[in-house]
Amino acid sequence: MALKKKPVTGMKDILPKEMEVRNYVTGLIRETYGSFGFTSIETPGVEHIENLCSKQGGDNEKLIFKILKRGEKLKLDQAKEEADLVDLGLRYDLTVPLSRYYSNNSNELPGPFKALQMGYVWRADRPQRGRFRQFMQCDIDILGEPTYMAEIELVLATTTLLGKLDFHNFTIRINDRRILKAMAEYSGFPKESFDTVFIILDKMDKIGLEGVAKELEEEGFAKESIDTYLAMFKEISSDIQGVRYCKEKLADVLDEQIAADLETIISTVEAVKTADFKMAFDPTLVRGMSYYTGPIFEISMDEFGGSVGGGGRYDEMIGKFTGNNTSACGFSIGFERIVMLLLERGYQIPTAKTKKAYLIEKNMPSDKLIEIFRQAEEERKTGVQVNISIMKKNKKFQKDQMTAEGYTEFVEFFKR
(Lines give C-alpha, C1' and ligand atoms only; values in the text may rest on other atoms or scores of the structure.)
Protein backbone atom coordinates (compact mmCIF):
# COMPACT_ATOMS: atom_id res chain seq x y z
CA MET A 1 0.00 0.00 0.00
CA ALA A 2 1.31 3.43 -0.96
CA LEU A 3 2.27 5.80 1.85
CA LYS A 4 0.08 8.88 2.41
CA LYS A 5 1.51 11.99 0.79
CA LYS A 6 -0.87 14.56 2.29
CA PRO A 7 -0.06 16.04 5.72
CA VAL A 8 -2.11 15.15 8.78
CA THR A 9 -5.48 16.92 8.95
CA GLY A 10 -5.12 20.40 10.43
CA MET A 11 -1.41 20.61 9.61
CA LYS A 12 0.24 21.81 6.44
CA ASP A 13 3.34 21.74 4.29
CA ILE A 14 4.86 25.20 3.86
CA LEU A 15 6.03 26.09 0.37
CA PRO A 16 9.08 28.34 -0.28
CA LYS A 17 7.06 31.47 -1.12
CA GLU A 18 5.22 31.36 2.22
CA MET A 19 8.38 30.35 4.07
CA GLU A 20 10.11 33.47 2.80
CA VAL A 21 7.35 35.67 4.27
CA ARG A 22 7.35 33.69 7.53
CA ASN A 23 11.11 34.09 7.91
CA TYR A 24 10.84 37.83 7.25
CA VAL A 25 8.03 38.22 9.82
CA THR A 26 9.91 36.26 12.50
CA GLY A 27 12.99 38.40 11.88
CA LEU A 28 10.95 41.60 12.16
CA ILE A 29 9.34 40.29 15.35
CA ARG A 30 12.73 39.72 16.98
CA GLU A 31 13.99 43.10 15.83
CA THR A 32 10.90 45.08 16.89
CA TYR A 33 10.30 43.37 20.22
CA GLY A 34 14.03 43.44 20.90
CA SER A 35 13.95 47.24 20.57
CA PHE A 36 11.43 47.26 23.46
CA GLY A 37 13.80 45.21 25.63
CA PHE A 38 12.26 41.75 25.18
CA THR A 39 14.65 38.78 25.35
CA SER A 40 14.16 35.57 23.34
CA ILE A 41 13.64 32.32 25.24
CA GLU A 42 12.61 28.79 24.30
CA THR A 43 10.66 26.06 26.09
CA PRO A 44 10.07 22.41 25.11
CA GLY A 45 7.08 21.47 22.95
CA VAL A 46 6.25 18.69 25.43
CA GLU A 47 4.97 19.47 28.93
CA HIS A 48 3.97 17.47 32.01
CA ILE A 49 0.32 16.49 31.62
CA GLU A 50 -0.42 17.80 35.15
CA ASN A 51 0.66 21.28 34.10
CA LEU A 52 -1.45 21.23 30.95
CA CYS A 53 -4.53 19.96 32.80
CA SER A 54 -4.34 22.41 35.71
CA LYS A 55 -7.64 24.15 34.86
CA GLN A 56 -5.75 27.21 33.59
CA GLY A 57 -6.34 26.86 29.86
CA GLY A 58 -10.12 26.92 29.56
CA ASP A 59 -11.52 24.95 26.63
CA ASN A 60 -8.01 24.38 25.28
CA GLU A 61 -7.53 21.68 27.90
CA LYS A 62 -10.11 19.64 25.98
CA LEU A 63 -7.89 19.84 22.89
CA ILE A 64 -4.59 18.49 24.23
CA PHE A 65 -2.60 15.98 22.20
CA LYS A 66 -1.72 13.53 24.96
CA ILE A 67 1.38 11.33 24.86
CA LEU A 68 1.36 7.70 25.98
CA LYS A 69 3.89 6.53 28.51
CA ARG A 70 6.85 4.82 26.90
CA GLY A 71 8.59 1.48 27.19
CA GLU A 72 8.15 -0.41 30.44
CA LYS A 73 6.09 2.43 31.93
CA LEU A 74 3.28 1.73 29.45
CA LYS A 75 1.21 -1.12 30.84
CA LEU A 76 -1.90 -1.23 28.69
CA ASP A 77 -3.23 -4.41 30.27
CA GLN A 78 -3.12 -2.92 33.78
CA ALA A 79 -4.48 0.56 32.98
CA LYS A 80 -7.70 1.55 34.75
CA GLU A 81 -7.79 5.28 34.03
CA GLU A 82 -6.16 7.81 31.73
CA ALA A 83 -3.43 8.70 34.27
CA ASP A 84 -2.15 5.13 33.99
CA LEU A 85 -1.50 5.67 30.29
CA VAL A 86 -0.56 9.34 29.87
CA ASP A 87 2.16 11.41 31.53
CA LEU A 88 3.00 14.09 28.94
CA GLY A 89 1.28 16.26 26.33
CA LEU A 90 2.02 18.69 23.51
CA ARG A 91 1.69 22.29 24.72
CA TYR A 92 -1.52 24.05 23.62
CA ASP A 93 -0.12 27.56 24.23
CA LEU A 94 3.09 29.24 25.40
CA THR A 95 1.81 30.79 28.64
CA VAL A 96 1.71 27.68 30.79
CA PRO A 97 5.23 26.64 29.66
CA LEU A 98 6.49 30.20 30.29
CA SER A 99 5.11 30.12 33.85
CA ARG A 100 6.89 26.82 34.50
CA TYR A 101 10.07 28.21 32.88
CA TYR A 102 10.03 31.32 35.06
CA SER A 103 9.31 29.31 38.21
CA ASN A 104 12.28 27.07 37.45
CA ASN A 105 14.74 29.81 36.43
CA SER A 106 13.65 33.00 38.21
CA ASN A 107 16.86 33.23 40.28
CA GLU A 108 18.84 33.65 37.05
CA LEU A 109 16.48 36.12 35.39
CA PRO A 110 16.23 39.93 35.77
CA GLY A 111 13.22 41.57 37.35
CA PRO A 112 10.98 42.51 35.74
CA PHE A 113 11.64 39.91 33.03
CA LYS A 114 10.54 40.71 29.48
CA ALA A 115 10.27 37.49 27.49
CA LEU A 116 9.78 36.87 23.77
CA GLN A 117 8.82 33.33 22.84
CA MET A 118 8.02 31.90 19.40
CA GLY A 119 7.25 28.26 18.84
CA TYR A 120 4.76 25.69 17.63
CA VAL A 121 1.77 24.68 19.74
CA TRP A 122 -0.79 21.94 19.12
CA ARG A 123 -4.56 21.76 19.61
CA ALA A 124 -6.88 18.97 18.48
CA ASP A 125 -9.21 21.65 17.11
CA ARG A 126 -11.52 21.72 14.09
CA PRO A 127 -9.43 23.21 11.25
CA GLN A 128 -10.78 26.29 9.43
CA ARG A 129 -9.51 29.43 7.74
CA GLY A 130 -6.51 30.68 9.70
CA ARG A 131 -6.80 27.88 12.28
CA PHE A 132 -4.66 24.74 12.31
CA ARG A 133 -3.88 21.90 14.70
CA GLN A 134 -0.20 22.76 14.60
CA PHE A 135 0.56 26.46 14.46
CA MET A 136 3.21 28.98 15.33
CA GLN A 137 2.50 31.19 18.31
CA CYS A 138 4.36 34.37 19.16
CA ASP A 139 4.14 35.78 22.70
CA ILE A 140 5.65 38.66 24.60
CA ASP A 141 5.27 38.67 28.37
CA ILE A 142 6.40 40.90 31.23
CA LEU A 143 6.86 39.06 34.53
CA GLY A 144 7.34 40.85 37.85
CA GLU A 145 5.75 44.19 36.87
CA PRO A 146 2.57 44.84 38.93
CA THR A 147 1.64 48.22 37.40
CA TYR A 148 -0.07 49.21 34.15
CA MET A 149 3.39 49.87 32.69
CA ALA A 150 3.30 46.23 31.53
CA GLU A 151 0.01 46.59 29.63
CA ILE A 152 1.11 49.84 28.00
CA GLU A 153 4.42 48.40 26.77
CA LEU A 154 2.84 45.19 25.51
CA VAL A 155 0.22 47.05 23.48
CA LEU A 156 2.75 49.53 22.08
CA ALA A 157 5.24 46.81 21.11
CA THR A 158 2.59 44.68 19.42
CA THR A 159 0.97 47.53 17.51
CA THR A 160 4.37 48.86 16.43
CA LEU A 161 5.08 45.45 14.88
CA LEU A 162 1.73 45.38 13.06
CA GLY A 163 2.35 48.89 11.77
CA LYS A 164 5.71 47.80 10.32
CA LEU A 165 3.86 44.98 8.51
CA ASP A 166 1.62 47.61 6.88
CA PHE A 167 -1.57 46.86 8.82
CA HIS A 168 -3.91 49.83 9.26
CA ASN A 169 -7.25 50.70 10.86
CA PHE A 170 -7.26 47.78 13.26
CA THR A 171 -8.64 47.93 16.80
CA ILE A 172 -7.25 46.96 20.18
CA ARG A 173 -10.30 45.99 22.25
CA ILE A 174 -9.63 46.21 25.98
CA ASN A 175 -11.51 45.30 29.15
CA ASP A 176 -10.74 44.13 32.68
CA ARG A 177 -11.86 40.83 34.20
CA ARG A 178 -12.59 42.68 37.45
CA ILE A 179 -14.99 45.00 35.62
CA LEU A 180 -16.69 41.93 34.14
CA LYS A 181 -17.16 40.51 37.62
CA ALA A 182 -18.32 43.84 39.05
CA MET A 183 -20.99 44.20 36.35
CA ALA A 184 -22.25 40.69 37.06
CA GLU A 185 -22.25 41.29 40.82
CA TYR A 186 -24.02 44.67 40.47
CA SER A 187 -26.73 42.94 38.39
CA GLY A 188 -27.36 40.37 41.12
CA PHE A 189 -25.97 37.22 39.49
CA PRO A 190 -24.68 34.66 42.05
CA LYS A 191 -20.86 34.64 42.19
CA GLU A 192 -20.72 30.90 41.57
CA SER A 193 -22.54 31.52 38.24
CA PHE A 194 -20.19 34.20 36.88
CA ASP A 195 -18.37 31.80 34.55
CA THR A 196 -21.68 30.71 33.00
CA VAL A 197 -22.70 34.35 32.53
CA PHE A 198 -19.37 35.18 30.87
CA ILE A 199 -19.52 32.20 28.51
CA ILE A 200 -22.88 33.45 27.27
CA LEU A 201 -21.71 37.09 27.14
CA ASP A 202 -18.76 36.01 25.00
CA LYS A 203 -21.25 35.17 22.24
CA MET A 204 -22.50 38.77 22.06
CA ASP A 205 -20.87 39.49 18.67
CA LYS A 206 -22.59 36.41 17.18
CA ILE A 207 -26.03 36.36 18.79
CA GLY A 208 -26.50 39.98 19.89
CA LEU A 209 -28.13 41.37 23.03
CA GLU A 210 -31.39 39.51 22.43
CA GLY A 211 -29.56 36.22 22.00
CA VAL A 212 -27.61 36.77 25.20
CA ALA A 213 -30.82 37.63 27.07
CA LYS A 214 -32.50 34.48 25.78
CA GLU A 215 -29.64 32.20 26.82
CA LEU A 216 -29.41 33.80 30.26
CA GLU A 217 -33.14 33.21 30.71
CA GLU A 218 -32.74 29.58 29.63
CA GLU A 219 -30.10 29.17 32.34
CA GLY A 220 -32.73 30.22 34.89
CA PHE A 221 -31.35 33.60 35.92
CA ALA A 222 -33.73 36.22 37.31
CA LYS A 223 -35.22 38.54 34.69
CA GLU A 224 -34.43 41.56 36.87
CA SER A 225 -30.72 40.62 36.90
CA ILE A 226 -30.70 40.06 33.13
CA ASP A 227 -32.42 43.39 32.41
CA THR A 228 -30.07 45.32 34.74
CA TYR A 229 -27.04 43.60 33.21
CA LEU A 230 -27.89 44.14 29.55
CA ALA A 231 -29.06 47.72 30.10
CA MET A 232 -25.49 48.67 31.03
CA PHE A 233 -24.11 47.39 27.73
CA LYS A 234 -26.51 49.70 25.88
CA GLU A 235 -25.21 52.70 27.84
CA ILE A 236 -21.44 52.04 27.89
CA SER A 237 -19.50 53.77 25.11
CA SER A 238 -16.33 52.32 23.58
CA ASP A 239 -14.05 55.13 24.72
CA ILE A 240 -12.71 56.47 28.01
CA GLN A 241 -16.18 57.79 28.83
CA GLY A 242 -17.33 54.17 28.91
CA VAL A 243 -14.68 53.36 31.52
CA ARG A 244 -15.75 56.38 33.58
CA TYR A 245 -19.37 55.23 33.36
CA CYS A 246 -18.35 51.88 34.88
CA LYS A 247 -16.32 53.65 37.55
CA GLU A 248 -19.38 55.62 38.67
CA LYS A 249 -22.08 53.02 38.09
CA LEU A 250 -20.20 50.21 39.82
CA ALA A 251 -18.73 52.30 42.66
CA ASP A 252 -20.15 49.97 45.33
CA VAL A 253 -18.64 46.79 43.84
CA LEU A 254 -15.55 48.01 41.91
CA ASP A 255 -12.34 49.53 43.24
CA GLU A 256 -12.17 52.90 41.48
CA GLN A 257 -8.42 52.43 40.92
CA ILE A 258 -9.14 49.55 38.51
CA ALA A 259 -11.12 51.84 36.21
CA ALA A 260 -8.58 54.66 36.67
CA ASP A 261 -5.72 52.35 35.62
CA LEU A 262 -7.63 51.17 32.56
CA GLU A 263 -8.24 54.78 31.60
CA THR A 264 -4.51 55.49 31.94
CA ILE A 265 -3.63 52.54 29.70
CA ILE A 266 -6.02 53.69 26.95
CA SER A 267 -5.06 57.37 27.07
CA THR A 268 -1.30 56.72 27.21
CA VAL A 269 -1.32 54.30 24.28
CA GLU A 270 -3.46 56.68 22.21
CA ALA A 271 -1.09 59.55 22.96
CA VAL A 272 2.19 57.85 21.98
CA LYS A 273 1.21 55.17 19.43
CA THR A 274 3.09 55.03 16.12
CA ALA A 275 0.77 52.68 14.20
CA ASP A 276 -2.65 53.39 12.65
CA PHE A 277 -5.16 51.82 15.05
CA LYS A 278 -7.63 52.75 17.77
CA MET A 279 -8.15 51.66 21.37
CA ALA A 280 -11.72 50.61 22.20
CA PHE A 281 -13.16 49.80 25.61
CA ASP A 282 -15.29 46.68 25.15
CA PRO A 283 -17.19 45.50 28.25
CA THR A 284 -18.28 42.35 26.35
CA LEU A 285 -14.68 41.17 25.91
CA VAL A 286 -14.20 38.02 28.01
CA ARG A 287 -11.18 36.01 26.75
CA GLY A 288 -11.65 32.30 27.27
CA MET A 289 -8.69 31.55 29.51
CA SER A 290 -9.62 31.29 33.18
CA TYR A 291 -6.15 32.42 34.27
CA TYR A 292 -6.72 36.12 33.46
CA THR A 293 -6.96 38.32 36.56
CA GLY A 294 -6.98 41.93 35.29
CA PRO A 295 -6.86 43.86 32.00
CA ILE A 296 -7.50 41.75 28.87
CA PHE A 297 -7.17 42.75 25.21
CA GLU A 298 -7.67 41.51 21.66
CA ILE A 299 -6.68 42.66 18.17
CA SER A 300 -9.61 42.96 15.75
CA MET A 301 -9.10 43.35 12.01
CA ASP A 302 -11.95 43.89 9.57
CA GLU A 303 -10.05 42.14 6.76
CA PHE A 304 -9.95 38.94 8.81
CA GLY A 305 -13.37 39.28 10.42
CA GLY A 306 -12.22 38.35 13.89
CA SER A 307 -9.38 38.34 16.39
CA VAL A 308 -5.77 38.04 15.26
CA GLY A 309 -4.23 38.18 18.72
CA GLY A 310 -4.92 38.79 22.37
CA GLY A 311 -3.68 38.62 25.91
CA GLY A 312 -3.97 40.02 29.38
CA ARG A 313 -2.79 39.92 32.97
CA TYR A 314 -2.46 36.58 34.77
CA ASP A 315 -1.02 37.35 38.22
CA GLU A 316 -1.91 34.01 39.82
CA MET A 317 -0.57 31.41 37.40
CA ILE A 318 3.09 31.37 38.45
CA GLY A 319 1.94 30.94 42.04
CA LYS A 320 0.50 27.57 41.01
CA PHE A 321 4.12 26.44 40.57
CA THR A 322 5.89 28.34 43.36
CA GLY A 323 3.25 29.01 45.99
CA ASN A 324 3.90 32.76 45.63
CA ASN A 325 1.96 34.84 43.11
CA THR A 326 4.04 36.83 40.63
CA SER A 327 2.74 39.72 38.53
CA ALA A 328 2.50 38.62 34.88
CA CYS A 329 1.04 40.05 31.71
CA GLY A 330 1.32 38.88 28.10
CA PHE A 331 0.25 39.56 24.52
CA SER A 332 0.13 36.97 21.74
CA ILE A 333 -0.25 37.70 18.03
CA GLY A 334 -1.93 35.19 15.73
CA PHE A 335 1.19 34.51 13.70
CA GLU A 336 -0.52 32.14 11.23
CA ARG A 337 -3.39 34.55 10.62
CA ILE A 338 -1.03 37.49 10.17
CA VAL A 339 1.01 35.55 7.59
CA MET A 340 -2.18 34.40 5.84
CA LEU A 341 -3.42 37.99 5.50
CA LEU A 342 -0.03 39.12 4.16
CA LEU A 343 -0.01 36.36 1.55
CA GLU A 344 -3.61 37.11 0.50
CA ARG A 345 -2.72 40.72 -0.20
CA GLY A 346 0.41 39.74 -2.19
CA TYR A 347 2.79 41.19 0.38
CA GLN A 348 6.26 42.03 -0.93
CA ILE A 349 9.15 41.83 1.52
CA PRO A 350 10.63 45.35 1.58
CA THR A 351 14.17 44.21 2.35
CA ALA A 352 14.28 41.34 -0.16
CA LYS A 353 17.62 40.89 -1.90
CA THR A 354 18.01 41.02 -5.67
CA LYS A 355 17.55 37.46 -6.93
CA LYS A 356 19.66 36.48 -9.93
CA ALA A 357 19.75 33.12 -11.71
CA TYR A 358 22.79 31.68 -13.49
CA LEU A 359 21.67 29.14 -16.10
CA ILE A 360 24.55 26.89 -17.13
CA GLU A 361 24.68 24.71 -20.22
CA LYS A 362 25.05 21.01 -19.43
CA ASN A 363 28.57 19.49 -19.32
CA MET A 364 30.32 22.83 -18.77
CA PRO A 365 34.15 22.43 -18.77
CA SER A 366 35.59 22.53 -15.23
CA ASP A 367 37.79 25.59 -15.81
CA LYS A 368 34.81 27.65 -16.97
CA LEU A 369 32.66 26.21 -14.16
CA ILE A 370 35.20 27.48 -11.63
CA GLU A 371 35.00 30.96 -13.16
CA ILE A 372 31.20 30.94 -12.93
CA PHE A 373 31.24 29.93 -9.23
CA ARG A 374 33.81 32.66 -8.50
CA GLN A 375 31.68 35.24 -10.30
CA ALA A 376 28.63 34.14 -8.28
CA GLU A 377 30.59 34.45 -5.02
CA GLU A 378 31.63 38.01 -5.88
CA GLU A 379 27.98 38.96 -6.53
CA ARG A 380 26.88 37.37 -3.26
CA LYS A 381 29.37 39.58 -1.41
CA THR A 382 27.44 42.61 -2.68
CA GLY A 383 24.16 41.25 -1.29
CA VAL A 384 22.79 39.61 -4.45
CA GLN A 385 21.13 36.19 -4.08
CA VAL A 386 22.54 33.96 -6.84
CA ASN A 387 21.01 30.62 -7.80
CA ILE A 388 23.12 28.43 -10.10
CA SER A 389 21.14 25.88 -12.13
CA ILE A 390 21.66 23.62 -15.12
CA MET A 391 19.89 25.01 -18.18
CA LYS A 392 16.85 22.90 -19.10
CA LYS A 393 15.57 22.13 -22.59
CA ASN A 394 12.40 24.13 -22.00
CA LYS A 395 14.25 27.29 -20.97
CA LYS A 396 11.15 29.50 -21.10
CA PHE A 397 9.26 27.28 -18.62
CA GLN A 398 12.33 27.22 -16.37
CA LYS A 399 12.56 31.02 -16.37
CA ASP A 400 8.82 31.39 -15.78
CA GLN A 401 9.08 29.16 -12.71
CA MET A 402 12.03 31.10 -11.33
CA THR A 403 10.33 34.43 -12.07
CA ALA A 404 7.39 33.23 -9.96
CA GLU A 405 9.91 32.62 -7.17
CA GLY A 406 11.12 36.24 -7.40
CA TYR A 407 14.12 35.96 -9.72
CA THR A 408 14.42 39.13 -11.79
CA GLU A 409 17.71 38.63 -13.64
CA PHE A 410 19.00 35.71 -15.70
CA VAL A 411 22.55 35.15 -16.90
CA GLU A 412 23.18 32.30 -19.37
CA PHE A 413 26.51 30.53 -19.69
CA PHE A 414 27.45 28.35 -22.65
CA LYS A 415 30.40 26.05 -23.30
CA ARG A 416 31.52 28.20 -26.21
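All residue numbers in this chain count up from 1 along the given sequence.
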Value for OH (Tyr101) from CD1 (Ile41), rounded to nearest 0.5 Å, stands at 4.5 Å

Only residue of Asp141, Thr95, Asn325 satisfying side chain to side chain donor-acceptor pair (under 3.5 Å) with Tyr314 is Asp141

Interatomic distance, CD1@Ile29 vs CZ@Phe38, rounded to 0.5 Å, equals 12.5 Å

Review point. Does Gly309 offer a backbone N or O that forms a donor-acceptor pair with the side chain of Arg337 under 3.5 Å?
Key: no

Handout entry: Carboxylate-amine/guanidinium proximity below 4.0 Å for Glu412 and Lys399
Key = yes

Rounding to 0.5 Å, atoms CD1 (Ile333) and OH (Tyr33) come to a distance of 4.5 Å

- If we only count heavy atoms from C-beta on, is the Asn387 to Lys355 side-chain gap below 4.5 Å? no

- prompt: Within a strict 4.5 Å, meaning less than it, do heavy atoms of the Phe194 and Phe189 side chains meet?
  reply: yes

Sorted by chain and residue number, the side chain to side chain contact (heavy atoms under 4.5 Å, CB included) partners of Asp195 (sequence neighbours excluded) come out as Phe198

Query raised in the report: Are the charged groups of Glu377 and Arg374 less than 4.0 angstrom apart, N to O?
Result: no

So side-chain hydrogen bond (donor to acceptor under 3.5 Å, both in side chains) across residues 259-269, not counting sequence neighbours, yields Arg244-Glu263, Gln257-Asp261

Check: So, does Thr158 use its side chain to make a donor-acceptor pair with the main chain of Val155 at under 3.5 Å?
Finding: no

(message) Taking Asp315's backbone N and O only, do any of them form a donor-acceptor pair with Thr293's side chain (distance below 3.5 Å, no angle check)?
(response) yes

Note to self: With a 4.0 Å cut-off on N to O distance, would you call Asp87 and Arg70 a salt bridge?
What the structure shows: yes

May I ask you to decide if Tyr120's main-chain N or O and Arg91's side chain share a donor-acceptor pair within less than 3.5 Å? yes

One should read off an interatomic distance between Ile236 CD1 and Lys249 NZ, to the nearest 0.5 angstrom, of 9.0 Å

Check your understanding: Can a cation-pi geometry be assigned to Arg345 and Phe167, taking NZ or CZ under 6.0 Å from the six-membered ring centre and within 45° of the ring axis?
Key -> yes

Looking at Ala280, is its backbone amide N or carbonyl O close enough to the side chain of Arg173 to form a donor-acceptor pair, meaning the two atoms are under 3.5 Å apart? no

Exercise for the section: Kindly say whether Met136 contributes a backbone atom to a donor-acceptor pair with the side chain of Glu336 at under 3.5 angstrom? Expected result: yes

Rounded to the nearest 0.5 Å, the CG atom of Asp239 sits from the NZ atom of Lys278 at a distance of 10.0 Å

So CD of Gln398 and CE of Met391: to nearest 0.5 Å the spacing works out to 7.5 Å

Problem set entry | Cationic N near anionic O, under 4.0 Å, Arg22 to Glu18 | yes

